[in-house]
Every structure is written in C-alpha cells, then in structure tokens.
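Here is the structure we will look at.
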Amino acid sequence: MIHQNESCGTEQISISYLSCILYILEEWTGVERLGEYLSYLIYLTWLFMPLLLGFLLPAVILLLIYISAIIVHIYKRKTDIKEGYLNDFWDGARQMLATMWYAHARIWNGYEVHGLEKLPNGPALIIFYHGATPIDFFYLVAIILLKKKRILHIVADHFVFSIPGIQLLINVFRVLHGTQEECRKVLENGGLVVISPGGVREALFSDENYTIMWKNRKGFAQVATEAKVPIIPMFTRNIRENIRIVGGQIKLLRSIYEYFRLPPVLLYGNFPVKLKTYLGDPIPYDPNITAEELTEKAKDALQCLIDKHQKIPGNVWRALMERITTGKQDNE
C-alpha cells in the first residue's frame, strides 16, 4: 500500500511502473485490488484465445477474397485498355490472383492435386463434394489456370451474387448462376464447368462422415447428356477438417436455411490441415442412359473417391499431422 506521503516518482520508493499505474487506476476508479481483477482477466483471455482464434481465422478467406476484388479493380484502372486487343483483358489479373492463391494454398494447407491428367483438352463437367467453404475449389482454379491455362466456370449459389464488393471479381472469373442453358453454352464452347450438386446444403449440414447430400438434383446430368461431355468427379481429402460448422446438426437452423436460403451457422477453424484434391476417372458420354442413371453413376463415382481417400470420421488432429509427417503414404 502506498501512503499519502509517498509518491510514485520519488527515489525512496521501490515500485514498478506497472504498480504505479495500477495505484493510479485504483485511485481513479475507486476499485480496490484492481491488479487481481486484471490478472484474472488476462488469465481468461489466454484461456479462451484458441477459441477466439478459431472463429476469427475463417475470416482470412473472406479477407483474401476482398483483397482479390481490390486487385481486379486496381488492374482495371491501371492496365492499358489496348492490351485487350492482344489477348483477354483480364488474363494478367487472373494470373496475378492465381499466383497469390496458389502461394496461400501451398503455405497454409500444403495443397496438392492428383489426377490433372484426367482433364480433357476439350469440355467437361466436374462435380465435387462441397466442404464448409469451397476453399479447395479456389485452390484448384489457381492451379489449373497456372498449369493448364484454362478457366474453371463454377456454378455458385444465388446468395454469392448478392455479396457486396465482389461483383467484378465474379465476372472476371466467369462465375455462373447455374441455369442449364448457361452451363450448356459454356460446355458447347469447349469450357470446363464445375458444379457441387449438394451446394450450400451439403456445405452446412454434412459432417465429418462426409455424407453426400444431393437430394433429387439431376440437372447437371441432363446438361452433360445434352452437351455430350464427360463428367469428372472431384474430392478433396480433409476438406471438412479445414473449416468446421457450429450448429450444422440443429434442425431449427436447417429449417431456417430451407426457408430463407441463407447460411445461418457459424464457421470456425481454417486449420492448416493437409488438403489433397483428387480428380477421378471421367464418366464418358453415353446416349443410352437417362439423366437419373447418370446422376447415380456420378454419385457412386464421388462416393468411391471419398471411400478411397478419406478416413471416416474426419479428424482435425489427424489432418494436421498429415502436414508434418514426411514420406507418409495414403491409399491413393
């Protein structure tokens, strides 16, 4: 206790600067033993820091998306429009962003792709299992753009187009609303279309057992049949361990999503787990099977990739260990 005839500035008193500040705060607030309360607060902060980081880290993905959006706006203003006569005006921006995302993929998730040779030089429709976020798709876009010089046209949920500030970015990477006519046109022009039949529903309400949730969706099979293109299944190992969902199994939240078509859950994680994307064998065009039969073949092919490359149930710790275990061979 510092008495009235003592002062923090005198040489006779051996007292730390922090103790002096605490004394001043106690005098100012009228709260005794303030140091003990602050120590307790610091203890709680350290105790809950991992939890806080768990909910903050997914925002890194959103931050990267907005950085990408800012880059395309800067590119639009700074690049000479005459370059558009020599090649696609946005090629430079795409290459720049692909390099950024590829670097993030390699550094943060040790990202790998297996089966790129299975992609045809012509059109194809890729169907994939949807994790809590499509971060694996962002990574795949970057790699195919850098290595194959091709653009993947993703079919996005309607709410994506209402996110403020990213409309130009969506246009630059040719994101599709997902009508059958729109997808068929891209395929007929020799493009690659990527669809997750499970969509946001699968992203939010599947779990560590990697349950495929397509309901009765078969429009993608109809498009592939009409465009006479192969279907290629795609799956990313540990994608559900990268980011997890809070409340995904709560029926009320499921009902809210079904009614409003907006994701009503919290995300946590963005753990630096090992991510490996596998492209399966193409399912060739067959004029003798129906869209329903093709849908089942595609679903079975995707399930085979999951069964072959994913340990069920998924485990975050195991997925983290795969990042640091050298020479580890999985059942590829």
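Every heavy atom of this structure was used, including side-chain atoms; hydrogens, water molecules and symmetry mates were not.
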For H73, does the NE2 atom sit with more than 12 other heavy atoms under 6.0 Å from it, leaving out its own atoms? yes
Pairwise distance CG(L275) to CD(E241) - rounded to 0.5 angstrom: 9.5 Å
Checking the side chain of T277 only, and the main-chain atoms of V113 only, is there a donor and an acceptor separated by less than 3.5 Å? no
Can you check whether I127 reaches I232 side chain to side chain, under 4.5 Å on heavy atoms? no
With respect to T133, which candidate in N270, I243, I245 satisfies the side chain to side chain contact (heavy atoms under 4.5 Å, CB included) definition? I243
Between Y102 and H104, ring centroids under 6.0 Å: no
Which residues share a side chain to side chain contact (heavy atoms under 4.5 Å, CB included) with L320, sequence neighbours left out: F271, P272, V273, V316, W317
Would you say that L176 contacts I195 through its side chain, given a criterion of any heavy-atom pair below 4.5 Å between the two side chains? no
Do the ring centers of H309 and F235 come within less than 6.0 Å of each other? no
Is K218 atom NZ crowded by more than 12 heavy atoms from other residues, nucleotides or ligands, each under 6.0 Å away? no
May I ask you to test the D136-M234 pair for a side-chain heavy-atom distance under 4.5 Å? yes
Would you say that M100 contacts I67 through its side chain, given a criterion of any heavy-atom pair below 4.5 Å between the two side chains? yes
Would you say the side-chain atoms of N209 pair up with the backbone N or O of T211, donor to acceptor, closer than 3.5 Å? no
Please round to the nearest 0.5 Å and tell me the distance separating atom CD1 of I163 and atom OH of Y66. 6.5 Å
Please find out if less than 6.0 Å separates the ring center of W90 from that of F173. no
Closest contact, heavy atoms only, E293 versus N288: OE1-O, 4.4 Å
Does atom CG (N189) have a neighbourhood of more than 12 heavy atoms from anything else shown, all under 6.0 Å? yes
I'd like to know if the side chain of Y129 reaches the main chain of G198, judged simply by a donor and an acceptor atom lying under 3.5 Å from each other, with no hydrogens or angles considered. no
Q95 side chain to D91 backbone, donor-acceptor under 3.5 Å: no
Do any N or O atoms from the side chain of Q310 and from the backbone of N238 form a donor-acceptor pair under 3.5 angstrom? yes
Looking at every non-hydrogen atom in both residues, tell me the closest pair between A298 and I283 and how far apart they are. CA-CD1, 3.6 Å
Just by distance, do the side chain of E202 and the backbone of M213 share a donor-acceptor pair under 3.5 Å? yes
Using a 3.5 Å distance criterion without hydrogens, assess whether the side chain of R240 forms a donor-acceptor pair with backbone atoms of A203. yes
Can you check whether I306 reaches Q303 side chain to side chain, under 4.5 Å on heavy atoms? yes
Close side-chain approach of F220 to V193, heavy-atom, < 4.5 Å: no
Work out which heavy atom in I154 is nearest to a heavy atom in V194; give both atom names and the distance. CD1-O, 3.4 Å
Any chance NZ of K148 has more than 12 other-residue heavy atoms, nucleotides or ligands included, within less than 6.0 Å? yes
How far apart are the closest heavy atoms of R94 and V172, and which atoms are they? NE-O, 2.9 Å
State, yes or no, whether a side-chain contact exists between I126 and L119 at a heavy-atom distance under 4.5 Å. yes
Answer yes or no: does atom CD of E117 have more than 12 heavy-atom neighbours from other residues, nucleotides or ligands under 6.0 Å? yes
Salt bridge E322-K276, side-chain N to carboxylate O under 4.0 Å: no
Okay, side chain of R244, backbone of A132: is any donor-acceptor separation there less than 3.5 Å? no
For the side chain of N109 and the backbone of A105, is there at least one donor-acceptor N/O pair under 3.5 Å apart? no
Looking at R217 and P197, would you say the former's side chain and the latter's main chain have a donor-acceptor pair under 3.5 Å? yes
Report yes if the side chains of I143 and L116 come closer than 4.5 Å at any heavy-atom pair, otherwise no. yes
Heavy-atom pair of closest approach, residues P282 and P284: O-CD, 3.4 Å
